[in-house]
Amino acid sequence: MIQFVLNSLKIIQYQILYYFLGFFAIIDDLKNREHNKFNIVSKRGKVAVITGGARGIGLEVVKKLAQCGMHIIIGCRNIEAGQKIFQQQIFSDVSIEIYELDLKSFTSVSRFAQKILFRHNQVHLLINNAGVMFVPYEKCEDGYEAHWTINYLSHFLLTELLLPVLKTSGSNNENARIINVSSCAHEASPLIDFDKISKRKGYIPTAAYAKSKLAQLISTKYYDKKLSNSNVQVLAVHPGIVDTELFNGTLLKKTMPWILRYICKTPEEGSRCITYACVSPKLEGHGGYYANCQSVKNLPYADDDKIQLELYNTSKVMVEHFLM
Ligand SMILES: NC(=O)c1ccc[n+]([C@@H]2O[C@H](COP(=O)([O-])OP(=O)(O)OC[C@H]3O[C@@H](n4cnc5c(N)ncnc54)[C@H](OP(=O)(O)O)[C@@H]3O)[C@@H](O)[C@H]2O)c1
């Protein structure tokens with residue numbers, strides 16, 4: 001009974017926190033609208049890999065990278081649906097490959113990486129974009145909770161598998177880049193309780209989403225430091241509060257979807273800062289955390305060297321069977 005009351009209080013606490021974070025993030029998006037701009041940069045001949053590129057913000061990122069002339073490799077769950085999207089006239093000039101990727105499964109991540117490495121000896125850009133939000137408790141096939149697996153750990157595995165090719169694809173003139181699509185929601189997670197990551201007991205979807213986004217940010221900071229002497233840089237982006245299917249499970253989208261249309265960014269607006277992080281020459285040599293095409297502050301917890309190393313080592317153990 002006490003446990004139930006404590007959990008209910010925690011759920012309310014997270015709910016309130018999210019309303020505050022969401023409110024201030026929307027104000028921030030409105031205030032910085034003029035900065036949220038993206039200029040096309042020619043990247044002809046370069047290869048980009050993106051997870052979740054067939055809808056939502058990811059699809060808009062793909063359109064922009066295509067305008068830059070990149071060859072784009074998309075990972076998505078339903079290849080037929082993805083292929084249908086890219087058969088449309090507007091994509092006729094886009095150089096694209098689509099492969100199956102289910103981030104709930106490390107085997108699927110590993111197969112996706114193998115297909116890329118089999119066909120390409122260069123990858124210049126990796127965008128870890130796909131994600132889920134506030135989903136009910138689920139243990140994925142490798143034993144970890146769904147937010148943790150889809151948003152963070154599978155992307156960690158994909159990063160590790162593609163890192164060797166990213167390292168050789170970057171040059172002294174132009175780094176390869178890894179972009180992790182995080183969120184201001186990371187601020188709702190005070191810490192990562194490594195012992196409780198995938199526990200069903202006391203599971204709160206809002207807390208699980210925040211934790212997975214915090215992990216992405218910590219990992220960004222760690223890799224950017226670790227790779228400082230190689231030709232790879234790592235950035236995290238908060239795309240803004242964007243009206244996409246990510247909100248489908250929320251009360252707001254179920255009851256008043258029109259509100260989101262008015263107060264949120266469109267997916268196209270949400271894709272600008274991600275694409276800016278991918279290609280802007282201004283960011284050459286700079287990692288960090290960005291929103292509205294500007295460097296922004298993250299929770300200081302994400303900058304803690306000890307936490308970064310603990311997350312890296314823990315993650316490596318979690319995926320060790322799939323590292324080649
Ligand atoms: N929308 C916002 O306000 C907001 C704010 C901050 C951060 N973000 C972040 O932005 C990213 C994109 O979100 P969005 O708003 O574009 O959401 P969305 O429209 O719901 O798209 C989610 C994407 O993730 C993919 N995905 C979900 N589960 C997957 C799985 N198991 N395996 C492979 N792919 C999977 C989906 O691919 P399928 O086509 O295969 O379903 C889809 O492409 C997420 O990381 C999200 O956390 C969004």
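As the structure lists them, so they are numbered: ligands from 1, and atoms in each ligand from 1. No hydrogens, no waters, no symmetry mates; every other heavy atom, side chains included, goes into these values. For the single chain, residues carry numbers from 1 onward in sequence order. This structure is a prediction, so every number in the text was calculated from the model and none was measured.
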Participant: Would you call the rings of Tyr223 and Phe156 parallel, tilted or perpendicular if under 30° counts as parallel and over 60° as perpendicular?
Facilitator: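 Tyr223 and Phe156: tilted rings.
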
Participant: For atom 23 (C) of ligand 1, tell me which residue out of Gly131, Gly58, Ala25, Gly22 has the closest non-hydrogen atom.
Facilitator: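 Answer by nearest heavy atom: Gly131.
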
Participant: Would you say the side chains of His35 and Tyr276 form a donor-acceptor pair under 3.5 Å?
Facilitator: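 Tyr276 and His35 do not have a side-chain donor-acceptor pair below 3.5 Å.
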
Participant: Using a strict cut-off of less than 4.0 Å between a Lys/Arg side-chain nitrogen and an Asp/Glu carboxylate oxygen, indicate whether Lys64 and Glu268 qualify as a salt bridge.
Facilitator: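 Salt bridge flag = yes for Glu268 with Lys64.
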
Participant: How does Leu103 reach ligand 1, if at all, at less than 4.0 Å between non-hydrogen atoms: by side chain, backbone, both, or neither?
Facilitator: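 Both parts.
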
Participant: Can Lys10 and Tyr14 be counted as having a side-chain donor-acceptor contact under 3.5 angstrom?
Facilitator: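 Result is no, nothing qualifies.
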
Participant: For ligand 1, note which part of Thr51 has a heavy atom under 4.0 Å away: side chain, backbone, both or neither.
Facilitator: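 Answer for Thr51: neither.
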
Participant: Can you tell me if Lys225 and Gln308 form a side-chain donor-acceptor pair at under 3.5 Å?
Facilitator: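 Result is yes, a qualifying pair exists.
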
Participant: Do Tyr209 and Phe134 make the cut of ring centroids closer than 6.0 angstrom?
Facilitator: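 Here the rings of Phe134 and Tyr209 have centres that are less than 6.0 Å from each other.
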
Participant: If I compare all heavy atoms of Asn129 with all of Thr51, which pair ends up nearest, and what's the gap?
Facilitator: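 Taking Asn129 first and Thr51 second, the nearest heavy atoms are N-OG1, 2.9 Å.
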
Participant: Atom 34 (N) of ligand 1: which protein heavy atom is closest, and how many Å away?
Facilitator: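 That would be Ala130 CB, 3.7 Å.
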
Participant: Of all the atoms in ligand 1, which lie at a distance below 4.0 Å from a heavy atom belonging to Phe247?
Facilitator: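 Counting from 1, the qualifying ligand atoms are 1 (N), 2 (C), 3 (O).
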
Participant: Arg177 and side-chain contact (heavy atoms from CB on, under 4.5 Å): which partner among Leu283, Val232, Val234?
Facilitator: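 Of Leu283, Val232, Val234, side-chain contact (heavy atoms from CB on, under 4.5 Å) with Arg177 is met by Leu283 alone.
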
Participant: Please indicate whether any nitrogen or oxygen in Ile57 is less than 3.5 Å from any nitrogen or oxygen in ligand 1.
Facilitator: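 Yes.
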
Participant: Pull out every atom of ligand 1 sitting under 4.0 Å from any heavy atom of Asp102, numbered as shown with elements.
Facilitator: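 Checking each atom against Asp102, I get 30 (C), 31 (N), 32 (N).
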
Participant: Heavy-atom distance to atom 28 (N) of ligand 1: which of His147, Arg77, Glu245 wins?
Facilitator: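 Result: the heavy atom closest to atom 28 (N) of ligand 1 is in Arg77.
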
Participant: Which option wins on minimum heavy-atom distance to atom 44 (C) of ligand 1: Asn129, Leu59, Asp243?
Facilitator: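 Going through Asn129, Leu59, Asp243 one by one, Asn129 has the nearest heavy atom to atom 44 (C) of ligand 1.
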
Participant: Heavy-atom distances under 4.0 Å are what count here, so tell me which part of Pro239 touches ligand 1: side chain, backbone, both or neither.
Facilitator: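 Side chain only; the backbone of Pro239 stays clear of ligand 1.
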
Participant: Please name the residue in the list Leu311, Leu309, Asp303, Leu217 that meets the side-chain contact (heavy atoms from CB on, under 4.5 Å) test with Tyr222.
Facilitator: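 One option only clears the test, and that one is Leu309.
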
Participant: Does this structure show an ion pair linking Glu97 with Lys115, if we count only N-O contacts that are shorter than 4.0 Å?
Facilitator: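 No, this pair does not count.
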
Participant: Report the member of Ser182, Gly75, Cys76, Gly52 with the shortest heavy-atom distance to atom 7 (C) of ligand 1.
Facilitator: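 Shortest heavy-atom distance from atom 7 (C) of ligand 1: Ser182.
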
Participant: Taking heavy atoms and a distance under 4.0 Å, where does Met133 meet ligand 1: side chain, backbone, both or neither?
Facilitator: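 The answer is neither; Met133 stays 4.0 Å or more away.
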
Participant: Please report which non-hydrogen protein atom sits nearest to atom 48 (C) of ligand 1, along with the residue it belongs to and the distance in Å to one decimal place.
Facilitator: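 That would be Leu246 CD2, 3.5 Å.
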
Participant: Compute whether any side-chain donor of one residue and acceptor of the other, for Asn39 and Lys282, lie under 3.5 angstrom apart.
Facilitator: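 Absent: no donor and acceptor within the cut-off.
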
Participant: At what distance is the nearest protein heavy atom to atom 15 (O) of ligand 1, and which residue and atom is it?
Facilitator: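 Looking at atom 15 (O) of ligand 1, the protein heavy atom closest to it is Thr244 OG1, 2.6 Å.
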
Participant: By number and element, which atoms of ligand 1 are closer than 4.0 Å to a non-hydrogen atom of Val181?
Facilitator: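 With Val181 as reference, the close atoms of ligand 1 come out as 9 (C), 10 (O), 11 (C), 45 (O).
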
Participant: With backbone taken as N, CA, C and O and side chain as the heavy atoms from C-beta onward, which portion of His238 lies under 4.0 Å from ligand 1: side chain, backbone, both, or neither?
Facilitator: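 Answer for His238: side chain.
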
Participant: Which atoms of ligand 1 are found less than 4.0 Å from any heavy atom of Tyr209?
Facilitator: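 The list of qualifying atoms is 7 (C), 8 (N), 46 (C), 47 (O).
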
Participant: What protein heavy atom is closest to atom 18 (P) of ligand 1, reported as residue, atom name and distance in Å?
Facilitator: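 Answer for atom 18 (P) of ligand 1: Arg55 NH1, 3.7 Å.
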
Participant: Give me the atom names and distance for the closest heavy-atom approach of Ile218 to Ala302.
Facilitator: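 Looking at all heavy atoms of both residues, the shortest contact is CG1-CA, 3.7 Å.
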
Participant: Considering the heavy atoms of Leu101, write down every atom of ligand 1 situated less than 4.0 Å from one of them.
Facilitator: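 Here the atoms of ligand 1 in question are 32 (N), 33 (C).
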
Participant: For the residue pair Gln294 and Asn32, confirm or rule out a side-chain donor-acceptor distance under 3.5 Å.
Facilitator: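 Checked: Gln294/Asn32 side chains pair up, N/O donor to acceptor below 3.5 Å.
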
Participant: Out of Val132, Val242, Leu260, Ile127, who gets a non-hydrogen atom closest to atom 1 (N) of ligand 1?
Facilitator: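 The residue whose heavy atom sits nearest atom 1 (N) of ligand 1 is Val242.
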
Participant: Side chains of Ser219 and Asn180 only: does a donor on one sit below 3.5 Å from an acceptor on the other?
Facilitator: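 Result is no, nothing qualifies.
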
Participant: Quick one: which of Gly56, Ser108, Gly240 has a heavy atom closest to atom 19 (O) of ligand 1?
Facilitator: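 Among Gly56, Ser108, Gly240, the closest heavy atom to atom 19 (O) of ligand 1 belongs to Gly56.
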
Participant: Would you call Lys213 a ligand 1 contact, heavy-atom distance under 4.0 Å?
Facilitator: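 Right, Lys213 reaches ligand 1.
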
Participant: Quick one: which ligand 1 atoms are inside 4.0 Å of a heavy atom on Ile241?
Facilitator: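 So the answer, numbered in order with elements, is 3 (O).
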
